[in-house]
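Along the sequence shown, residues are numbered consecutively beginning with 1.
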Amino acid sequence: MESKVSEGGLNVTLTIRLLMHGKEVGSIIGKKGETVKKMREESGARINISEGNCPERIVTITGPTDAIFKAFAMIAYKFEEDIINSMSNSPATSKPPVTLRLVVPASQCGSLIGKGGSKIKEIRESTGAQVQVAGDMLPNSTERAVTISGTPDAIIQCVKQICVVMLEAYTIQGQYAIPHPDQLTKLHQLAMQQTPFTPLGQTTPAFPGLDANPPASTHELTIPNDLIGCIIGRQGTKINEIRQMSGAQIKIANAMEGSTERQITITGSPANISLAQYLINARLTSEVTGMGTL
């Protein structure tokens, strides 16, 4: 049930897509779909395979990062098993590496390659996997193929590092807020402690807009005085950033005499509010973890 907690806690969901040949897809689906069913159940990730008879199919894996890694591990080991099986009927003696092709938005390929190729070199060296980022975009798309090959273990390590790069910035993709992986557990603790999160049903629906124009609603948070500074930032830079990223209106009440807390009022669509709350929590977390109290 672990994956449910992380999804429910902050809707932290990552999606990774793979490009596969028909034969590879067949291997993952298995007889009567048994293999993919097992992968879904054991990893806790959602695995969708695009329809169609075209030679290339897209396999989409969605879920919390740990579920994605489990799904990837299962796919890498399955491909290795296929290689071993095919070798038993062939004279080849050296075992070819397992190869997976990821589909990555071109906008993120820059951070994956790094300045002068430094990041991709670091990933190659630390994981032992070969990583190639295609120079050209895929046909009719704004994405590029990233080819990873090596032993299943090297591939899993490599996918972890690529996920970290994709998570490094707080990427807001559509309505998804994807935080830095090592902050997730801390964010969950914080999210669970935040009593203002109730009533959940009204204020934190799943992120993708359920309704094109949901009615604006208001949500209030109380923040300790000594932490308000990290949310406002120098000359209001942080709070303005949170307003821009979330699209919500955020008002911070003046300090009340004798009170150790400040009231923050967030107004906007439920999705905007969720995102604003989430970004505020992320600020608090980095502040609190910086002080080493969490």
Side-chain angles (χ1 to χ4, degrees), residues 6-14 107-108 111 164-209 213-294:
S6 31
E7 280 190 282
L10 280 166
N11 292 296
V12 176
T13 304
L14 188 58
S107 59
Q108 291 186 345
S111 19
V164 170
V165 171
M166 293 167 97
L167 294 167
E168 209 83 272
Y170 278 125
T171 5
I172 308 289
Q173 301 178 332
Q175 294 279 5
Y176 280 94
I178 304 180
H180 198 295
D182 62 25
Q183 290 190 334
L184 298 190
T185 46
K186 295 161 190 161
L187 284 171
H188 291 154
Q189 290 168 0
L190 209 71
M192 298 310 169
Q193 292 162 8
Q194 282 285 359
T195 41
F197 263 58
T198 51
L200 279 170
Q202 292 168 26
T203 53
T204 50
F207 272 139
N213 291 305
S217 47
T218 300
H219 187 72
E220 292 187 346
L221 289 172
T222 42
I223 303 289
N225 279 343
D226 53 353
L227 288 176
I228 201 82
C230 75
I231 290 167
I232 297 173
R234 275 216 182 112
Q235 296 170 333
T237 47
K238 287 295 168 208
I239 193 78
N240 285 339
E241 210 175 274
I242 295 174
R243 285 185 181 117
Q244 278 177 330
M245 286 167 94
S246 67
Q249 292 174 336
I250 304 170
K251 292 195 177 72
I252 298 177
N254 292 331
M256 302 281 283
E257 253 182 73
S259 166
T260 57
E261 295 181 322
R262 299 273 284 275
Q263 193 83 24
I264 298 184
T265 308
I266 309 171
T267 311
S269 71
N272 297 134
I273 289 177
S274 290
L275 202 42
Q277 272 179 249
Y278 170 66
L279 292 164
I280 287 171
N281 265 336
R283 285 293 312 145
L284 286 174
T285 307
S286 58
E287 185 72 12
V288 171
T289 48
M291 289 161 23
T293 50
L294 239 190

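- Taken from NZ in K251 to CZ in R243, the straight-line distance is 9.0 Å, to the nearest 0.5 Å.
- For the atom pair CG (L221) and CD1 (I280), the distance works out to 5.5 Å, reported to the nearest 0.5 Å.
- Using a 4.5 Å cut-off on side-chain heavy atoms (C-beta onward), I252 and R262 make contact.
- Checked against side-chain contact (heavy atoms from CB on, under 4.5 Å), S259 has the following partners two or more places apart in sequence or in another chain: M256, E261.
- Test T267, N272, I273, I266 against Q249 for side chain to side chain contact (heavy atoms under 4.5 Å, CB included) and you get one pass: T267.
- How far CD1 of I231 is from CG of N281: 8.5 Å, rounded to the nearest 0.5 Å.
- The minimum heavy-atom distance linking A276 with A248 is given by the pair CB-CB, 4.1 Å.
- The CD1 atom of I264 lies 10.5 Å from the CD atom of Q277; values are rounded to the nearest 0.5 Å.
- In this structure, CD1 on I232 lies 11.0 Å from CG on L227, to the nearest 0.5 angstrom.
- For the atom pair CD1 of I250 and NE2 of H219, the computed distance is 11.5 Å after rounding to the nearest 0.5 Å.
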